[in-house]
Amino acid sequence: MRMQSNAARDGDARPKQYLLVEFPYPSGEGLHVGHLRSYTAMDILARKRRMEGKNVLYPIGWDAFGLPAENYAIKTGQHPRVTTEQNCANFRRQLQAMGFSFDWSREVNTTDPAYYRWTQWIFLQLLRQGLAYKAKMPINWCPKCKIGLANEEATGGVCERCGGPVEKRDREQWMLKITAYAEQLLAGLDTVDYIERAKAQQRNWIGRSEGVDIDFSVQGSDAVITVFTTRCDTLYSCAFLALAPEHPLVTRLTTEAQRDAVAAYVDRARAKTEIERTKLDQEQDGVFTGSSAVNPISGEVVPVWISDFVLGHYGHGAVFGDIHDARDFVLGKRYGIPMRVTVLPPSGDDVDAIRAQAVCYPDDGVLIDSGPFTGMTSSEARERIAQWLEEHGAGRRRVQYKLRDWVFSRQRYWGEPIPVVFCAACGTVPVPEDQLPVLLPEVERYQPTDTGESPLANITEWVNTKCPQCHGPAQRETDVMPNWAGSSWYFLRYIDPKNDRALADPTQLQYWMPIDWYNGGMEHTTLHLLYSRFWNLFLHDIGVVPVAEPYQKRTSHGMILGPDGEKMSKSRGNVINPDTIVAEYGADAVRVYEMFIGPFDQMVPWSTDGLVGCRRFLERVAALLSRVDPKPAGDSCGTIADRDLLRMMHRTIQRVTEDIEDMHFNTVVSALMEYTNALVKQERIPFLAYTTLLTLLAPFAPHLAEELHEQLPDPEAPAHLLADHPWPVFDPAQLAADTWEMVVQVNGKVRATLSMPTNATLAEMQEQALRDATVQKHLAGRAPTRVVVVPGKLMNIVVD
RNA sequence: GCCGGAGUGGCGGAAUGGCAGACGCAGCGGAUUCAAAACCCGCCGCCUGCAAAGGCGUGAGGGUUCAAGUCCCUCCUCCGGCACCA
């Protein structure tokens, strides 16, 4: 079989089309049927786009740094590079067996030094711009395995490896200031075409809220407690302040009498695990510091408490407590702190209960007992009180985000070394760009050290180096980057994968970016998708990338579950192995079934019976070949005399063309099946009718379509591949029929179906309908009060 | 609690407000075969009926409309995300 070229051509005159799928982590298990769903869908689009005359870039590569290879190395001593190479070879074989039309000349691998050189380069740019910094952060530490764990490995506070409890250890970590881009990451969502749930999830994750920082001065001290609130309209009801146990002022504000009680409470809070502390169904508790603070708007003096429902990392780790918040309400009631109602619902019968402080009213309403703001609505009061606070220097409007900075250090081996050195004289010094990449050295043992440092820390000849600035003795950073680093910019490298002077040539970036369509899993919406948008925004800001938003359009495929409806897993034994099914049913049948299995964006269970049906469909297509009329001489593929068949062909072209764009692949396959079933009923099949079927089928089942195309009864053997055919265009004029089936309803119920000439007049339609016996029976002699006619569809006769 | 999505035959699912159940699977019947598998033809939502025909039917209840799976209101259930976030 002749091979079509899938290579994208840089700077081609044709319109470009950059289609992207998430590159896989090359695990030892091989490809998953879930990969196939995404890759097949985008392969169909890539093939269709090429037939439509586009210059298509559809690349693939390997996101090959990662924990499984490293854990395997710890167990066996086998170098991750070796297993990674084997796994990549296996994945490559599997992807090629599926016939995906990737541009293999642009393959990238995140573990290739020629690649991670540029990952390190991007880090240096972030460092230079002050967006990378070191901070003391707690890491997950398993005391039994003596290993630092990623959050994903410590879910539920339990070590994934040994099942023992995980504790927090403070460690200096590299951080990336993604929060500096919070607003842009949020605003950018309005400029791109992502599926709604992806946008919603990102907005959720960024968690923007508008509010006010309010300063409370502590009585008998020069200390000031700043709290953040979105509800400054309830400021007159402030009954107390509550600090997080880790708040820096805790020690200072605690009076002698309260010292023991506070110390006990803070210790107890610290001993609690993250899960215990954030458990929802517990009553808020706390302890009084002994100090009091002044409400800047009312001058009222309120007690300062400590409670662990207040989070240290959000806002300023302090809140003002009042009766209009469910948690504050519980705390106040529990300790008998005097509270005051200042917001009432505009109407309703619960007013008495609210006034009596029997229930908490957390919603907006109308203000009472609030000085000059009494009588205002909550939203009005928020505006005016914020203004008052700003004018009196007691507060500032501010936007607060839930998004937190990105912990960028891993105490691991199999990752990109972070390219900095520590010099006693010069401090933290970036490795000069011309010395990149900082190569990952060979180690003997892959275990992290007892101190929680990376295995790299043990290689003294690597760690000890010279300071690039003063040439004095210095030590290398031994942390490596997280998995997300390499995947945060890979789409840029595909554009110019072999460039050794820049991460990619600006002219090529200008030509190919942005990515027209990116499909991937929902599980990557908040991490990978957000991280890579952040890096691209940053690279855009420093003039490396021409567009701010990397992905013009983002879609997501639903997960494929096991035949039992459960998530596929080795332990459940419900995993479908692509190699097995491809060997048994062929790649084309698997491709067609992956698209036919159900709505593309929804979760669906695997069914090998369904796959059999797709295999049978392809066999029916192949069986038609013997009944195809020979191609007439000349360039034309001939005509179709049968008007019904011709109409169906055009209808099928339309459905397939439109439904592919909407990712309704399941209905595309059924449209092709219906068209095939119509051809099955023909004694002889017009050449044109059959080549059209093959052309429409080609993106779905390229191997079979191409093979049948070669065997067509064409005396002048075709000079080109089916894949080089132009995509068929449907002719709306051919969709019109001479007659239509008119459904006749009486009072909305179907009573007859009559064949109508397209040019029938209203009177003729009505006359025919009224003559029908069943219609007459249901009219029972009554005269129609109204007749509704929808031409081409139906007639509804309404009687009383 | 907030945000997003979904609920239709035995199963996966289809349906610009206009014949609910396309297409496929499973099932049933036939044809073929020495026999079986495959292929081929037909039937296939539920109830009544020999049939003709009729009634019911898209999570529940209301509403709009000549006409509602589809639009509006009030709920219920399931899936996903966020969550003592002030």
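In what follows, chains are A, B, ... by sequence order, proteins preceding strands, each numbered from 1.
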Quiz item: In terms of side-chain heavy atoms of A:Val680, which of B:C41, B:C85, B:C56 is nearest?
Solution: B:C41
Self-check item: Short side-chain N/O contact to B:A53 OP1/OP2 from A:Thr774, under 4.0 Å
Solution: no
Quiz item: Under a 90° cut-off about 0 for the syn range, is B:G42 syn or anti?
Solution: anti
Quiz item: Which part of the nucleic acid does A:Asp328 contact within heavy-atom distance under 4.0 Å: base, sugar-phosphate only, or nothing?
Solution: nothing
Practice problem: Quick one: label A:Ile597 by what it contacts on the DNA or RNA (base, sugar-phosphate, nothing), any heavy atom closer than 4.0 Å. | Solution: sugar-phosphate
Quiz item: Of all the nucleotides listed (B:C66, B:A14, B:G4), which has the minimum atom distance to the side chain of A:Glu196?
Solution: B:G4
Quiz item: How are the rings of A:Trp484 and A:His524 set relative to one another: parallel (under 30°), tilted (30 to 60°) or perpendicular (over 60°)?
Solution: perpendicular
Quiz prompt | Base of B:C66 paired with side chain of A:Asn796 (donor-acceptor, under 3.5 Å) | solution = yes
Practice problem: Name the closest nucleotide to the A:Leu794 side chain, picking from B:G18, B:A14, B:C3. | Solution: B:G18
Exercise. Just compare B:G81, B:C85, B:A86 and give me whichever is closest to any side-chain atom of A:His313.
Key: B:C85
Practice problem: Tell me which of A:Lys777 and A:Arg197 sits closer to the 5' end of RNA chain B, going by the nucleotide each one is nearest to. | Solution: A:Arg197
Quiz item: Heavy atoms under 4.0 Å, any strand shown: does A:Ser209 hit a base, just sugar-phosphate, or nothing?
Solution: sugar-phosphate
Self-check item: Nearest listed nucleotide, side chain of A:Thr229, among B:C25, B:A86, B:C66
Solution: B:A86
Quiz item: Base, sugar-phosphate alone, or nothing: which one does A:Asp325 contact when heavy atoms must sit under 4.0 Å apart?
Solution: nothing
Quiz item: Across the strands shown, which category fits A:Arg751 at heavy-atom distances under 4.0 angstrom: base, sugar-phosphate, nothing?
Solution: sugar-phosphate
Quiz item: Of all the nucleotides listed (B:G18, B:G81, B:C85), which has the minimum atom distance to the side chain of A:Lys402?
Solution: B:C85
Quiz item: Between B:C19, B:G24, B:A14, which nucleotide has the shortest distance from any of its atoms to the side chain of A:Met673?
Solution: B:G24
Quiz item: Counting side-chain heavy atoms from C-beta on, which of B:G80, B:C40, B:C23 comes nearest to A:Phe596?
Solution: B:C23
Self-check item: Touch class at under 4.0 angstrom, heavy-atom based, for A:Thr667 against every strand present
Solution: sugar-phosphate
Exercise. By nearest nucleotide on RNA chain B, pick out whichever of A:Val790 and A:Glu619 is the more 5' one.
Key: A:Val790
Exercise. Select one nucleotide: of B:G12, B:A20, B:A86, the one nearest the side-chain heavy atoms of A:Arg327.
Key: B:A86
Exercise. Describe the nucleic acid contact of A:Asn677 in one word from base, sugar-phosphate, nothing, applying a heavy-atom distance below 4.0 Å.
Key: sugar-phosphate
Exercise. Could you tell me whether A:Lys749 contacts a base, only the sugar-phosphate backbone, or nothing, with contacts defined as non-hydrogen atoms closer than 4.0 Å?
Key: sugar-phosphate
Quiz item: Could a donor-acceptor pair under 3.5 angstrom be found where the side chain of A:Glu674 meets the base of B:C23?
Solution: no
Exercise. Respond yes when some side-chain nitrogen or oxygen of A:Arg620 is under 4.0 Å from OP1 or OP2 of B:G24, and no when none is.
Key: yes
Practice problem: Can you figure out which of B:G18, B:G13, B:C84 approaches the side chain of A:Val604 most closely? | Solution: B:G13
Exercise. Would you mind reading off the distance between A:Arg616 atom CZ and B:C40 atom C1', rounded to a whole angstrom?
Key: 12 Å
